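What follows is a set of notes on a single structure, which appears directly below.
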Amino acid sequence: MSNKTRSILKAIAVVIVLMAVLMDLGIVMIPAISIYKFWMVVVAFGVMLITSK
């Protein structure tokens with residue numbers, strides 16, 4: 001996996017966690033995915049594990 005792909009996946013994981021935190025704080029409201037906040041963080045953690053060397 002190239003470094004560019006790793007950085008893109010890491011950025012996506014950070015954005016996913018940021019969305020989950022903002023939804024938990026009530027700043028961003030997306031009702032369709034609000035029940036999946038926990039799983040969003042789990043998937044982001046998995047992506048970070050995959051992209052680590």
Side-chain angles (χ1 to χ4, degrees):
M1 185 180 310
S2 69
N3 285 336
K4 184 177 180 181
T5 306
R6 287 180 201 263
S7 14
I8 290 172
L9 286 175
K10 285 180 184 180
I12 290 172
V14 168
V15 168
I16 290 172
V17 170
L18 185 63
M19 283 297 295
V21 168
L22 290 176
M23 285 184 349
D24 196 41
L25 292 175
I27 297 172
V28 175
M29 295 305 247
I30 305 173
I33 61 173
S34 66
I35 58 174
Y36 301 114
K37 287 185 284 193
F38 172 76
W39 292 111
M40 288 169 52
V41 174
V42 170
V43 167
F45 181 72
V47 170
M48 289 297 281
L49 283 177
I50 291 170
T51 59
S52 65
K53 288 187 176 182

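Since this is a predicted model, take the numbers as computed values, not measurements. Side chains included, hydrogens not; waters and symmetry mates left out as well; all remaining heavy atoms used.
- Placement of Phe38 and Leu18 in two distinct hydrophobic clusters is found when ILVMFWY residues are connected by side-chain heavy-atom separations under 4.5 Å, directly or transitively.
- Put simply, Leu22 and Val43 are part of two different groups of oily side chains (I, L, V, M, F, W, Y) that touch within less than 4.5 Å, one to the next.
- In the hydrophobic clustering, Met48 connects to no other residue, as no ILVMFWY side-chain heavy atoms lie under 4.5 Å from its own.
- Heavy-atom minimum distance, Met23 versus Ile33: CE-O, 3.7 Å.
- Between Ile30 and Met19 the shortest heavy-atom distance is CD1-CE, 3.3 Å.
- In the hydrophobic cluster analysis, where Ile, Leu, Val, Met, Phe, Trp and Tyr join through side-chain heavy atoms closer than 4.5 angstrom, Phe45 is grouped apart from Ile12.
- The shortest non-hydrogen separation linking Leu9 to Val47 is O-CG1, 3.5 Å.
- Legend: salt bridge (Lys or Arg N to Asp or Glu O under 4.0 Å) pairs involving residues 21-46, not counting sequence neighbours, sorted by first then second residue: Asp24-Lys37.
- Residues Val28 and Leu25 share a hydrophobic cluster, clusters being chains of Ile/Leu/Val/Met/Phe/Trp/Tyr side chains in contact below 4.5 Å.
- Neither Val42 nor Ile16 shares a network with the other; the hydrophobic side chains, linked directly or stepwise wherever heavy atoms of I, L, V, M, F, W or Y lie under 4.5 Å apart, form separate groups for each.
- Around CE of Met29, the count of heavy atoms belonging to other residues, nucleotides or ligands within 6.0 Å does not exceed 12.
- Counting only residues at least two apart or on different chains, no salt bridge (Lys or Arg N to Asp or Glu O under 4.0 Å) pair has a member in residues 5-20.
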